[in-house]
Protein chains: 2
Amino acid sequence: MSDLSSAPARVQGAVRIVGAGLLGASIGLALRAKGVDIILDDASPSQLRLAIDYGAGRAAEPTDDPSVVVICVPPDVTARVIEAELAAFPRAVVTDVASVKLEPYRALLERGVDLTRYIGSHPLAGRERGGAISARADLFLGRPWVICRDAETPAWALSQVEGLALDLGTIPMEMTPDEHDRFVALVSHTPQLVASLLAAQLQDAEEGAIQLAGQGLRDTVRIASSAPELWVQILSANHAEVLPVLEQLSTDLTSVISALRDPEVPGARRTIADTIAAGNTGVARLPGKHGQNRRFASIVVLLDDRPGQLGALFTELGEIGVNIEDLRLEHSPGANIGLAEVQVLPEVKQRTVDDLESRGWRIAEV
Amino acid sequence: MSDLSSAPARVQGAVRIVGAGLLGASIGLALRAKGVDIILDDASPSQLRLAIDYGAGRAAEPTDDPSVVVICVPPDVTARVIEAELAAFPRAVVTDVASVKLEPYRALLERGVDLTRYIGSHPLAGRERGGAISARADLFLGRPWVICRDAETPAWALSQVEGLALDLGTIPMEMTPDEHDRFVALVSHTPQLVASLLAAQLQDAEEGAIQLAGQGLRDTVRIASSAPELWVQILSANHAEVLPVLEQLSTDLTSVISALRDPEVPGARRTIADTIAAGNTGVARLPGKHGQNRRFASIVVLLDDRPGQLGALFTELGEIGVNIEDLRLEHSPGANIGLAEVQVLPEVKQRTVDDLESRGWRIAEV
């Protein structure tokens, strides 16, 4: 499957990771596969032991001299840990992965901390399950890695953090802390609150209503299972940027409520239709198919509806030497043809299509 | 794959389907596979031709004498078509699939229509793409089919509609029109509006924000791509039940906005945490894993991380004679083991697990 370890590491020297949860342990796993010396630290001894057992790195030693420190702790303590790590490792570039970038930066400035060796980061990745046990070396693959640096940032420090981001398979994107916080307020923090507010309405739902729930509702509220302790910190830290988005949403909601009080009033149906149409326009701005894993390229193979077709396809993909990252089947019992949508790494897509076609497979969409 | 056609049809006689879009054509496809004579009708000649070409049924003839009429037209015209079909086919039981059940029922009562032979239905199924071209015989498999009948409904009529629901692989659920409309307001109509309102905020998003959007946002707004013309009809027809849910949501949203104005005010962080926690409780009430297809049973097979393992698994599943309905792969490049989550029909799950284990495969979760 995805081979992140084939290229040598860009990041130089040892990498110290503070906070061995999902993000920290995932970074450790991915960099260790490239031969990087990973030093793990965590306030929780059991979390630390788990991450070490999982293969994400080794325990700290007094002689450690990391060239990069990656801070993967909760937002509320990020500023304090940045300050401590800058002091403890005076030759290292220090970065963090907190979901909010302006508040810790401001707090450090106010405390007069020299931030020359600090670069803020935010990898836009995660999963519903937390902790080292959920870590994955490919967690970051194809995801944006936001880098917030300023004019003072030395080239060597920037090069180390960019190297780290590339080693993890992410797409580094430079922006200011203000831009970052405004962007995530819209595409991450507000959606989290909206999903939670909607899911909260289900708390006391009648059992009959729950039985009618389908995939649409499940998708809409999926992220409502996120951890309250983490999200209180994120939302409080970024409240200034989340507020205007929520206030606009509240205004729009109030209009819809007015329209629904009496849909026969002239203009009411227009308000409802405009709301649904505005949602159409908004969702169309998101890249990629809904629900599709955008880290991979998609090949749709037509299959005759008889036993062994999938096995033959997989055997031939194995002969071609292509790893299948994911697969979806679509088939209607009435039809004579099924579709297998195979996900592969983007760089092998064209070769795979060519090889499959030369072996007689029919490709539906390329 | 899923074999809906193995059992004989429970529904007796010819079935007339009025409205040959996604739902109508899907019902036609599924019933034709059981040998039922399907008569298709549609106000749009091109939609009708497409559905007939697609194999969903045949064109109407003057001598038709259907025993069941299924009305699959937009909600706004459902009552009128029910009345016309009851008059045109005096021996048939007439049902409809509209997403709102009380308004058409009331409209027909007010017009004095004899509703003895009418039974309201609502199959909780659909897809983002509409039209006969998107029809699937297995669209309804495992989904609820709501049946609204009253004390006057004759047993033969109920038996026909229940037979139809079972022939399509659905789970028939009896409830009153009031219950139905209250339930779907919570689990379908409000989520649609909330997804649309959230997606609408993305309309004028800066490009940098769009680039940071991830799977969480995509899932949350997926259903916002639904058709405005249909949803105006649904929401207007069910406004009385949608309103109280939206008003509660608006109240909750206002509390969160107040808390976010200054998260350092005592109690503010508590309000935010309670909102996220309430969302946790709500989402936990939904059955099934998030995003998982609940129509099928899941088998997780451990795979060694070497080429050919998936091919071997599929070949052996073919030898066992098991059809794979869906498959998800999970693999971390750092780890030595991958997981293949195979979806099969529930009735073959145990046999498949036993056969795979006897052939030396390791099963992770059963």
Side-chain angles (χ1 to χ4, degrees), chain A residues 1 4 29 33 124 136-137 183 186-187 191 194-200 202-203 208-209 212-213 216-217 219-225 228 231-232 236 239 243 246 250 252-253 257 260 263 269 272-273 276-279 281-283 285 290 307-308 310-311 314-315 318 327 331-334, chain B residues 1 4 29 33 136-137 183 186-187 191 194-200 202-203 208-209 212-213 216-217 219-225 228 231-232 236 239 243 246 250 252-253 257 260 263 269 272-273 276-279 281-283 285-286 290 307-308 310-311 314-315 318 327 331-334:
Chain A
M1 306 188 183
L4 282 164
L29 271 182
L124 277 286
R136 298 176 53 111
F183 294 164
L186 180 63
V187 301
V194 168
S196 296
L197 287 163
L198 177 61
L202 302 172
Q203 283 183 107
L212 298 187
L217 175 60
D219 283 352
T220 310
V221 297
R222 181 178 62 82
I223 57 173
S225 57
W231 276 95
V232 170
S236 300
H239 70 107
L243 257 183
L246 278 190
S250 179
D252 296 351
L253 175 57
I257 287 175
L260 284 175
R269 283 180 171 238
I272 302 166
I276 306 287
T281 308
V283 79
R285 291 212 49 203
H290 313 297
L310 259 183
F314 277 89
T315 302
L327 175 93
H331 180 71
S332 179
Chain B
M1 308 187 183
L4 282 164
L29 272 182
R136 299 174 53 112
F183 294 163
L186 180 63
V187 300
V194 169
S196 297
L197 286 163
L198 177 61
L202 302 172
Q203 282 183 107
L212 298 187
L217 176 61
D219 283 352
T220 310
V221 297
R222 180 177 63 82
I223 58 174
S225 57
W231 276 96
V232 170
S236 301
H239 70 107
L243 256 184
L246 278 190
S250 179
D252 296 349
L253 175 57
I257 288 175
L260 284 174
R269 282 179 173 241
I272 302 166
I276 307 287
T281 308
V283 78
R285 291 211 52 201
L286 296 179
H290 315 297
L310 260 181
F314 277 88
T315 303
L327 175 93
H331 180 70
S332 178

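Computation of the quantities below employed the complete heavy-atom set of this structure, encompassing side-chain atoms and omitting hydrogens, waters and symmetry-equivalent molecules. In what follows, chains are A, B, ... by sequence order, proteins preceding strands, each numbered from 1.
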Greatest number of non-hydrogen atom pairs under 4.5 angstrom with chain B, of A:Ile257, A:Asp252, A:Thr281, falls to A:Ile257

Can you give me the closest heavy-atom contact between B:Ile276 and A:Ser196, atom names plus distance? CD1-OG, 3.6 Å

How close do B:Arg269 and B:Pro263 get, heavy atom to heavy atom, and via which atoms? CG-O, 3.5 Å

Interface residue of largest heavy-atom contact number with chain B, from A:Leu198, A:Leu212, A:Leu246, A:Leu124, under 4.5 Å: A:Leu212

Hey, which of B:Val194, B:Ile272, B:Thr315, B:Leu253 has the most heavy atom pairs under 4.5 Å with chain A? B:Leu253

State which residue, out of A:Val221, A:Val283, A:Ile223, fulfils the side chain to side chain contact (heavy atoms under 4.5 Å, CB included) condition with B:Thr220. A:Ile223

Mind checking the CZ-CG spacing from A:Arg222 to A:Leu217? Nearest 0.5 Å is all I need. 13.0 Å

Heavy-atom distance under 4.5 Å to chain B: side chain of A:Leu197, backbone, both or neither? both

When the 4.5 angstrom heavy-atom criterion is applied to B:Leu243 and chain A, the contacting part is side chain

Taking every non-hydrogen atom, the tightest pair across A:Ala199 and A:Ala224: CB-CB, 3.6 Å

